[in-house]
Novice: 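The following block contains the structure, expressed as structure tokens.
Index from 1, following the sequence. Start at 1 and go down the list; that is how both ligands and their atoms are numbered.
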Amino acid sequence: MTVTRHANPLLDAATRPLPRRIAVIGAGTIGPDIAYYLKTALPGLALTLVDIRAEAIDAALARLRGYADKAVARGKMTPAQAAAALEGLTGSTDYGAIEGCDWVLEAATEDLPLKRRIFAQVESVVGADAVITSNTSSLPAARLFTELRHPARATVTHFFAPAWRNPAVEVIDWAGADPALVVWLRRLFAATGKLPLVTTDAPCFMLDRIFDNWCNDAALLLADASAAEIDSVAAEFVHAGPFFVLNLAHGNPIIVETNTLQADEEGEHYRPASIFGSVDRWLTVAPGKPVEVDAARRARVRDRLLGVLWSQSVDILDRGIGEPADLDLGCRIALGFKRGPLELLRDAGDAEARRVLARFAAERPGMPMPARPLPDYQPRERHVLVDRVGDVVVVTLRRPEALNALHDEMTDEVLAAIRRHEDDPAVAGFVITGYGLKAFCAGADIGRFPSLLGDAQAAAQYARECSRLLVHLDAARKPVVAALNGLALGGGFELAMRCHAIVADRGARMQLPEVTLGIVPGIGAMVVPYRRWPQAAEVFHRMLARGERLSAAQAHELGIADALADGFDALVACAIDRVHALAGAVPRIAERAPAPPRLQTDATPPRSADGRVLSAAVVGVIARAVHDAAAAPTLAEALEVGYRAFGEVACTAAAREGIEAFLAHRAPDFGATG
Ligand code: HXC
């Protein structure tokens with residue numbers, strides 16, 4: 001059967017219902033963490049943890065109760081949600097307990113004969129259509145599942161630590177799997193907050209080929225540098241160096257096992273460093289506490305680390321093991337890289353990358369080398385997914401690490417995708433949505449703001465440049481519809497406002513939280529609503545000046561959202577209908593605005609909708625900008641008012657406080673800044 005897979009897994013049709021009963025086999029570290037993710041993501045799920053050791057099950061269940069308690073204490077869950085997550089969570093030493101499960105997930109020791117015995121036992125109890133997956137990090141599915149009576153319902157789902165929080169999951173598309181199974185797993189993961197990355201069935205799949213060889217080459221370097229020095233040099237690329245991570249994860253035996261597998265299958269150059277056999281814990285330094293490394297040694301270690309990263313990356317892509325954008329994203333999210341290997345390759349430039357690779361080839365004969373010009377390895381898009389659904393192009397914002405927050409590269413990719421298709425007569429228009437079900441877009445990337453503080457011109461110019469996509473939409477000939485699948489905040493809502501229609505999932509929520517950060521929404525929110533939805537002017541006043549939230553239902557009542565939908569499938573269908581309805585009749589934002597009612601700013605101190613003290617200076621700038629923008633004779637001049645207001649607040653003490661507080665995960669104190 002051929003099954004089409006869209007880049008956004010949620011655009012694929014559901015090939016089977018959600019699971020109702022799951023068993024996780026193996027109550028070690030990762031099995032219970034996977035169980036916790038499933039129980040918190042799928043309310044009402046019955047889940048059994050199976051292990052041959054009763055004490056391991058007891059310890060695992062106690063650990064999960066501890067997770068739930070902590071989540072409540074930190075305000076991440078209500079007591080009722082925690083109770084629901086723990087309800088229906090059981091443990092058993094008896095395989096009979098998995099009877100009736102629709103998914104059995106194996107997370108036992110990395111031992112092929114043992115895993116095969118487990119699968120035989122599982123298959124003797126569950127129905128012929130129950131899904132079976134293994135959490136192996138290295139063993140190919142073809143080897144694990146060939147002895148099953150019904151192998152097409154089985155594959156590998158490889159999670160990363162800590163599995164309850166780390167979104168990455170590799171889903172292996174192996175030759176024996178029913179293609180509909182891979183579609184189902186991707187969709188399920190994407191709908192439950194995970195980031196599924198599909199790979200082929202190569203030993204160690206995609207991300208562990210990077211991680212294991214990164215660690216192995218670090219160990220081979222120990223002839224020339226200490227573990228502490230190597231971790232210190234690696235800190236340029238990763239949040240924690242290879243030896244620190246190996247200590248944390250007790251990972252030495254895993255590297256020996258996985259690199260032996262690669263060596264046996266693919267050549268001696270993968271053989272694990274012999275030092276792994278004699279060392280239990282590495283003498284190294286914690287992240288953030290580097291040691292001095294002399295320049296020559298630093299250069300040598302750096303070249304080698306980059307060499308192994310790039311060698312593995314080009315091999316993965318040449319063999320089609322995974323997709324380039326997934327490779328970079330997976331390395332960042334699953335493995336803690338600060339930037340993906342392909343981003344590093346691009347930024348190094350061709351000559352420098354060739355030099356590093358030539359040195360690596362000389363030091364590590366046999367290791368893979370590029371088979372194509374280096375630019376060919378770069379993904380076309382890193383931060384968006386582009387799909388065709390009939391005659392509509394669906395652009396999905398995908399930055400799961402930041403709730404799809406917009407930054408320059410993402411903005412450019414959305415714009416490029418629109419430009420690429422807007423002259424194609426076969427394309428009726430566009431839908432923009434967000435990856436997953438939590439967020440459409442959490443606004444502009446706040447991490448970019450510190451460099452703008454104190455410089456009004458630079459900040460205004462940044463707002464102007466951020467608007468290049470939005471200004472393009474203002475004049476676009478083909479309809480672009482925003483499909484709000486979750487939170488639309490700040491700049492994310494401002495993007496939706498410039499689309500030609502908004503459709504929203506019934507659970508979506510809109511907010512302009514900038515005032516709570518000590519800044520203003522400078523790319524249209526102080527301008528566009530008063531021209532597009534003057535009937536909602538008072539609501540927008542409160543959203544701007546108090547950070548008040550707007551539910552999808554309220555937005556619909558006010559005419560801001562054109563339609564509401566229940567669930568992602570209905571949302572996209574509805575957005576596509578709007579594209580068709582608007583064909584040839586793309587609405588334009590009015591050049592002039594009716595005078596809005598006065599925006600009240602006299603409460604002292606001003607407070608947010610949830611009672612927090614706000615900055616009077618920032619609220620004052622908002623009130624003035626809304627007034628001045630409404631009075632501006634053209635849309636372009638009104639938008640300029642917004643850019644300049646963003647520049648103005650960037651110089652306030654409130655902006656510094658608000659941005660620093662967000663990035664430090666603390667509440668801002670605007671009482672002190674005014
Ligand atoms: C950068 C962001 C982000 C953003 C979320 N994240 N929003 N990073 N820019 N706008 C990151 C978080 O730091 C976190 O990273 C990760 O995404 C997950 O978010 P959490 O906060 O852990 O999730 P949760 O507790 O569920 O809270 C969700 C949230 C919160 C309430 C939406 O993330 C939030 O308040 N975000 C900021 C929203 C916002 O203020 N948007 C307006 C931006 S200003 P880590 O690494 O910690 O896991 C803007 C101005 C436009 O848009 C004008 C420009 C000129």
Novice: In terms of atom number and element, which parts of ligand 1 are under 4.0 angstrom from non-hydrogen atoms of Ala405?
Specialist: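 By the 4.0 Å cutoff, the relevant atoms are 4 (C), 9 (N), 10 (N).
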Novice: Mark yes when over 12 heavy atoms from residues, nucleotides or ligands other than Lys338 sit less than 6.0 Å from its NZ; otherwise mark no.
Specialist: yes
Novice: So Arg498 and Asp474, salt bridge (charged side-chain N to carboxylate O under 4.0 Å, His left out) or not? Walk me through it.
Specialist: CA-CA 6 Å; Arg498 305 292 267 282; Asp474 292 341; 2.9 Å; yes
Novice: Go through ligand 1 atom by atom and flag the ones less than 4.0 Å from a non-hydrogen atom of Gly490.
Specialist: 52 (O)
Novice: Out of all atoms in ligand 1, which are within 4.0 Å of some heavy atom of Gly443? Include the element for each.
Specialist: 52 (O)
Novice: Establish, from distance only, whether the side-chain atoms of His541 and Tyr530 form a donor-acceptor pair under 3.5 Å.
Specialist: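 Yes - a donor-acceptor pair under 3.5 Å links their side chains.
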Novice: Classify the angle between the aromatic ring planes of Tyr462 and Phe646 as parallel (below 30°), tilted (30 to 60°) or perpendicular (above 60°).
Specialist: tilted
Novice: Give the numbers and elements of all ligand 1 atoms closer than 4.0 Å to a heavy atom of Glu494.
Specialist: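 Numbered from 1, ligand 1 contributes 51 (C).
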Novice: Please tell me whether Glu465 and Gln461 have a donor and an acceptor in their side chains that are separated by less than 3.5 angstrom.
Specialist: yes
Novice: Verify the neighbour count for atom NE2 of His627: are there more than 12 heavy atoms of other residues, nucleotides or ligands below 6.0 Å?
Specialist: no
Novice: Which residue supplies the protein heavy atom nearest to atom 36 (N) of ligand 1, what is that atom called, and how far is it?
Specialist: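 Minimum-distance protein heavy atom for atom 36 (N) of ligand 1 reads Phe662 CE1, 3.5 Å.
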Novice: Between Gly491 and ligand 1, is there a nitrogen or oxygen pair with a distance under 3.5 Å?
Specialist: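 Among all N and O atoms of Gly491, at least one is under 3.5 Å from an N or O of ligand 1.
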Novice: With backbone taken as N, CA, C and O and side chain as the heavy atoms from C-beta onward, which portion of Leu517 lies under 4.0 Å from ligand 1: side chain, backbone, both, or neither?
Specialist: side chain
Novice: Does the protein place any heavy atom closer than 4.0 Å to atom 27 (O) of ligand 1?
Specialist: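 No, because not a single protein heavy atom sits under 4.0 Å from atom 27 (O) of ligand 1.
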Novice: Could you tell me if Tyr67 and Asp33 have a donor-acceptor pair between their side chains, going purely by distance under 3.5 Å?
Specialist: yes
Novice: Can you pull out the closest protein heavy atom to atom 47 (O) of ligand 1? Residue, atom name and distance to 0.1 Å, please.
Specialist: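 Result for atom 47 (O) of ligand 1: His665 CE1, 3.2 Å.
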Novice: Please determine if Pro513 has a nitrogen or oxygen closer than 3.5 Å to a nitrogen or oxygen of ligand 1.
Specialist: no
Novice: Is Ala402 touching ligand 1 with its side chain, its backbone, both, or neither, if touching means heavy atoms under 4.0 Å apart?
Specialist: both
Novice: Quick one: look up the protein heavy atom nearest atom 44 (S) of ligand 1 and list residue, atom name and how far away it is.
Specialist: Phe449 CE1, 3.7 Å
Novice: Evaluate the 4.0 Å heavy atom contact test for atom 17 (O) of ligand 1: does a protein atom fall under the cut-off?
Specialist: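 Yes; the ligand atom in question has protein heavy-atom contact below 4.0 Å.
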Novice: Mind listing the closest non-hydrogen atom pair of Leu342 and Pro379 along with its distance?
Specialist: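 The answer is CD1-CD, 4.2 Å.
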Novice: Any atoms of ligand 1 less than 4.0 Å from a non-hydrogen atom of Ala463? List them with their elements.
Specialist: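 Contacts of ligand 1 toward Ala463, numbered from 1: 55 (C).
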Novice: Which pair of heavy atoms, one from Gly518 and one from Val618, lies closest together, and at what distance?
Specialist: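 That would be O-CG2, 3.4 Å.
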Novice: Which atom pair, heavy atoms only, marks the closest approach of Asn485 to Ala439?
Specialist: ND2-O, 3.2 Å
Novice: Does Glu637, at its CD atom, have more than 12 non-hydrogen atoms belonging to other residues, nucleotides or ligands within less than 6.0 Å?
Specialist: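 Above 12, so yes.
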Novice: Taking distance alone, with no angle check, do Ile446 and ligand 1 share an N/O pair under 3.5 Å?
Specialist: yes
Novice: In terms of residue, atom name and distance, what is the protein heavy atom nearest to atom 53 (C) of ligand 1?
Specialist: Gly522 N, 3.8 Å
Novice: For the 3.5 Å polar cut-off, considering only N or O atoms, please tell me whether Ala442 and ligand 1 meet it.
Specialist: yes
Novice: With a 4.0 Å cut-off on heavy atoms, is Lys76 touching ligand 1?
Specialist: yes
Novice: Are any non-hydrogen protein atoms located under 4.0 Å from atom 49 (C) of ligand 1?
Specialist: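 So far as the 4.0 Å threshold goes, atom 49 (C) of ligand 1 is in reach of a protein heavy atom.
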Novice: Quick one: is the NZ or CZ of Lys194 closer than 6.0 Å to the six-membered ring centre of Tyr37, and within 45° of its axis?
Specialist: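 Ring-cation test returns yes.
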Novice: For atom 32 (C) of ligand 1, what's the nearest protein heavy atom and its distance?
Specialist: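 Result for atom 32 (C) of ligand 1: Leu489 CD1, 3.4 Å.
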Novice: Quick one: does any side-chain atom of Asp328 pair with a main-chain N or O of Glu343 as donor and acceptor, under 3.5 Å?
Specialist: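 Yes; at least one donor-acceptor contact below 3.5 Å.
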Novice: In terms of residue, atom name and distance, what is the protein heavy atom nearest to atom 24 (P) of ligand 1?
Specialist: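 So the nearest neighbour among protein heavy atoms is Lys438 NZ, 3.7 Å.
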Novice: Quick one: closest heavy-atom pair of Gly674 and Ala654, and the distance?
Specialist: O-CB, 3.8 Å
Novice: Could you tell me the residue and atom name of the protein heavy atom closest to atom 20 (P) of ligand 1, and the distance to it rounded to 0.1 Å?
Specialist: Leu403 CD1, 4.7 Å
Novice: Considering only non-hydrogen protein atoms, determine which one is nearest to atom 15 (O) of ligand 1 and report residue, atom name and distance to 0.1 Å.
Specialist: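 For this ligand atom, the closest protein heavy atom is Glu401 O, 3.8 Å.
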